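Here is the structure we will look at, set down as structure tokens.
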Protein chains: 2
Amino acid sequence: MIPAGYREPVETRELRYFVAVAEELHFGRAAQRLGMAQPPLSRAIQRLERRLGVTLFDRTNRTIALTEAGTVLLREGRAALDAVAAAERRTRRAVSGRPGLVLVTKAGATGELLSKLLDAYAAEPGAATVDVLLCQPGEQERLLRDGRADVALLHRPFDSTSGLDAEELYTEGQVAVLPAAHPLTNRPHLRTADVAALPGLPLPRWPGPGGTYPPGPGPEVRDHAQLLQLIALGRASAILPDSCLPHLDPRLAAVPVLDAAPVTTVIAWPPHSRSLPLAALIRIALRLGSEHGSAALVQGG
Amino acid sequence: MIPAGYREPVETRELRYFVAVAEELHFGRAAQRLGMAQPPLSRAIQRLERRLGVTLFDRTNRTIALTEAGTVLLREGRAALDAVAAAERRTRRAVSGRPGLVLVTKAGATGELLSKLLDAYAAEPGAATVDVLLCQPGEQERLLRDGRADVALLHRPFDSTSGLDAEELYTEGQVAVLPAAHPLTNRPHLRTADVAALPGLPLPRWPGPGGTYPPGPGPEVRDHAQLLQLIALGRASAILPDSCLPHLDPRLAAVPVLDAAPVTTVIAWPPHSRSLPLAALIRIALRLGSEHGSAALVQGG
DNA sequence: GGCCGTGATACCCGCCGGGTATCGTGAGCC
DNA sequence: GGCTCACGATACCCGGCGGGTATCACGGCC
């Protein structure tokens with residue numbers, strides 16, 4: 001009956017266990033995090049290794065380290081767990097008759113476009129309710145993947161749209177944001193090199209995936225408000241998209257940076273999600289994006 | 001200890017059970033397919049519904065149908081199961097020291113580019129072994145998603161690259177392929193409308209996702225060889241990319257179709273897979289693609 | 001109205017996931 | 001060098017749950 005070569009499939013519980021251990025690199029702490037005792041966790045990992053026919057951890061009897069295969073399983077397992085969580089959440093929310101969209105974007109960015117988009121969409125006949133989720137930079141992709149959000153406004157090249165479907169809305173240049181009193185604010189324009197090494201005004205460090213900060217001299221920041229305040233205090237400088245200009249503090253000044261990479265705002269959503277409310281929202285975003293683009297051209301030209 | 005609002009996570013076994021039932025729409029057959037008895041399957045689905053707080057099937061006591069939530073879970077659950085399977089397979093293949101790539105493409109397409117690509121890559125220092133998988137049209141995306149393949153050659157707009165990372169290689173026009181004796185073969189060029197309604201020579205029907213054919217008059221085909229033979233027999237016509245010309249049977253003739261959508265060959269891979277051998281293969285494909293493109297331009301005048 | 005076919009229920013069993021107690025062992029330390 | 005400690009592995013036990021068989025409830029069909 002059982003076909004030859006049949007193997008027991010991996011269960012999500014085992015994946016969660018593995019991810020916990022791989023992240024903690026410590027069976028005891030991982031067990032604590034999982035709300036269980038350590039021995040069953042050890043056994044579960046052993047069983048998983050047997051089942052896969054692969055050793056996932058190098059145990060040197062005092063500390064453990066991920067093998068190459070373990071590194072792969074950590075990455076792929078996280079994605080798989082996200083997919084399962086997405087299936088669960090999206091199913092829960094699909095109870096007949098309550099469409100509802102969750103839109104996610106970075107806190108403190110895309111202010112005007114977002115409010116215009118929400119207004120225009122709400123005016124649409126038969127529009128679904130749209131919940132807005134504001135989060136740290138770099139978290140949006142995760143929220144889309146694990147089903148907590150349905151659609152996102154992202155900013156290339158800062159955010160990656162890898163694995164998502166996306167449409168470009170508009171593209172803008174970038175400006176250097178400096179304390180208003182800084183001598184460079186008299187210049188008509190700057191280059192990235194001018195801003196990169198300003199004495200006493202280092203560029204900030206943003207958290208990477210996982211919430212850890214890269215090493216460097218700049219201050220650690222988590223959102224735009226925090227960053228702008230640091231600049232006003234004369235502790236940092238920054239290069240930000242043009243669209244930050246309208247809500248700029250009077251203690252700050254902005255100078256165009258000629259060779260900074262252009263920033264493209266895109267609307268992105270998980271692949272294969274073809275709901276009518278989402279399609280309508282995307283359509284309206286595209287329309288507003290092109291209007292925004294031509295308005296910017298008029299202003300700039 | 002247990003946080004409030006905690007819910008048992010869904011296990012992959014439950015997802016497999018649900019998908020089987022949703023596909024068969026019959027508990028008995030689904031149980032048979034799963035190699036188990038029907039009662040435990042019914043219970044498992046009930047438990048899943050309780051756990052999700054959602055009814056997945058409308059049971060009308062003789063036959064069952066998917067609810068709206070069930071439809072969502074079918075789509076999302078398949079994706080999640082694919083992701084789990086991919087994690088499993090990629091981990092198994094990641095045993096240290098054996099890189100190895102699996103490239104998948106449609107049987108009977110991209111002949112020259114593929115062989116050139118394999119040759120060029122094999123000549124690279126430190127190249128991994130590349131296994132080639134030929135499959136039915138529309139299956140490649142699945143193979144990439146569930147980890148059976150690492151990279152694919154796809155053809156837009158026939159294949160979707162939704163949810164994949166992709167780079168364009170080259171673009172070509174399309175030709176109508178007809179029996180050599182057909183009167184239209186004297187024309188210098190055609191339009192899609194000319195070919196669409198040829199009496200006695202209907203366009204073929206390709207299988208959609210799931211292997212089912214759309215309704216219509218044309219013959220059901222599964223690959224290019226089959227299709228070309230049908231055309232030679234005077235039972236069908238087709239519109240195919242220019243690159244089918246070199247290996248065309250003498251009983252067949254091709255006429256350019258002016259308003260047919262251009263076909264773009266792309267190399268695609270699952271997001272977040274950044275292995276060195278894959279990167280090298282993509283780089284070489286891009287080089288060959290641009291060469292191919294310019295060569296086509298020279299030929300075409 | 002008897003009879004299938006279908007999904008749901010009842011009941012039982014064996015295994016496995018999880019707990020506690022304990023061991024083996026290498027690191028660190030004086 | 002021996003003591004201790006930290007950490008993962010092992011031993012053993014138990015309860016629950018996943019899976020099996022037998023049976024029920026019910027609606028369509030001849």
Side-chain angles (χ1 to χ4, degrees), chain A residues 1-3 6-52 54-67 70 73-74 77 81 84, chain B residues 1-3 6-52 54-67 70 73-74 77 81 84:
Chain A
M1 286 303 116
I2 293 180
Y6 174 85
R7 327 185 90 120
E8 294 241 337
V10 171
E11 292 297 326
T12 62
R13 183 170 6 94
E14 304 180 285
L15 284 182
R16 284 189 302 119
Y17 289 1
F18 169 75
V19 170
V21 176
E23 284 177 356
E24 300 283 348
L25 287 179
H26 190 292
F27 278 79
R29 278 195 301 276
Q32 197 174 354
R33 205 174 96 182
L34 292 166
M36 66 188 291
Q38 169 258 321
L41 181 57
S42 288
R43 279 192 316 174
I45 300 294
Q46 290 172 34
R47 190 173 44 241
L48 181 61
E49 289 180 313
R50 258 204 325 276
R51 183 172 298 176
L52 291 173
V54 162
T55 70
L56 298 169
F57 293 103
D58 281 328
R59 285 118 158 137
T60 58
N61 199 358
R62 184 71 175 186
T63 179
I64 58 178
L66 276 173
T67 63
L73 187 59
L74 180 56
L81 287 177
V84 173
Chain B
M1 284 305 118
I2 292 180
Y6 173 85
R7 328 183 90 120
E8 293 241 337
V10 172
E11 293 297 327
T12 62
R13 185 170 4 94
E14 303 180 286
L15 284 182
R16 284 189 302 119
Y17 289 2
F18 168 77
V19 169
V21 176
E23 285 178 356
E24 300 282 347
L25 287 178
H26 190 292
F27 278 78
R29 278 196 300 275
Q32 197 174 353
R33 205 174 97 182
L34 293 166
M36 66 188 291
Q38 168 258 322
L41 181 58
S42 288
R43 280 192 314 174
I45 299 294
Q46 290 173 35
R47 191 173 42 240
L48 181 61
E49 288 180 315
R50 259 204 324 275
R51 182 172 300 175
L52 292 173
V54 161
T55 71
L56 299 170
F57 293 102
D58 281 328
R59 283 111 159 144
T60 58
N61 198 357
R62 183 71 176 187
T63 178
I64 58 178
L66 275 174
T67 64
L73 186 58
L74 180 55
L81 287 177
V84 173

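All of these numbers come straight from a predicted model, not from anything done at the bench. In what follows, chains carry the letters A, B, and so on, assigned in the order in which the sequence lines appear, proteins first and then strands, with residues in each chain numbered from 1.
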Does the protein touch nucleotides 17-22 of chain C at the base, only the backbone, or not at all? Give it as B, S and - per nucleotide, heavy atoms under 4.0 Å. SBBBB-
Tell me the interatomic distance from A:R50, atom CZ, to D:dA9, atom P, rounded to whole angstroms. 12 Å
Applying ring pair (Phe, Tyr, Trp, His ring centres under 6.0 Å), name anything that partners B:Y17, two or more places apart in sequence or on another chain. none
So which heavy atom on B:T12 is nearest to which on B:L81, and how close? O-CD2, 3.8 Å
Could you tell me whether the side chain of B:L52 reaches within less than 4.5 Å of the side chain of B:L73, counting heavy atoms only? yes
Below 3.5 Å, can you tabulate the donor-acceptor pairs from side chains in residues 37-45 of chain B to any protein atom, sequence neighbours excluded?
unit_1	atom_1	unit_2	atom_2	d
B:Q38	NE2	B:S42	OG	3.0

OP1 or OP2 of C:dA8 versus the side-chain N and O atoms of B:S42: is any pair under 4.0 Å? yes
How far apart are the closest heavy atoms of B:T67 and B:T55, and which atoms are they? OG1-O, 2.8 Å
Under the ring pair (Phe, Tyr, Trp, His ring centres under 6.0 Å) test, which residues partner B:F27, sequence neighbours left out? none
Evaluate the side-chain proximity of B:L25 to B:T63: yes if any heavy-atom separation is below 4.5 Å, no if none is. no
Kindly check if the number of other-residue, nucleotide or ligand heavy atoms within 6.0 Å of CD (A:Q32) is above 12? no
Nearest whole angstrom, please: distance from the P of D:dA9 to the CD1 of A:I45. 9 Å
State which residues pass salt bridge (Lys or Arg N to Asp or Glu O under 4.0 Å) with B:E11; sequence neighbours excluded, sorted by chain then number. A:R13
Between A:I64 and A:R59, the two heavy atoms sitting closest are CG2-CG, 3.7 Å
Does any non-hydrogen side-chain atom of B:V21 lie less than 4.5 Å from one of B:L56? no
Send over the distance from B:Q46 CD to D:dC17 C1', rounded to a whole Å. 15 Å
Based on the rotation axes of five pairs at each end, what angle does the helix from C:dG1-D:dC30 to C:dC30-D:dG1 bend through, to 10°? 20°
Can you measure A:L41 atom CG to C:dC16 atom P for me and round it to whole angstrom units? 18 Å
Which atom pairs link the protein and nucleotides 28-30 of chain D when you take only N or O atoms and keep those under 3.5 Å?
none

Stretch residues 18-33 of chain B: residues that reach within less than 4.0 Å of DNA chain D through a heavy atom: none
For A:E23, all residues meeting side-chain hydrogen bond (donor to acceptor under 3.5 Å, both in side chains), sequence neighbours excluded: A:R33, A:R78
Would you call B:L66 and B:F57 a side-chain contact if the rule is heavy atoms closer than 4.5 Å? yes
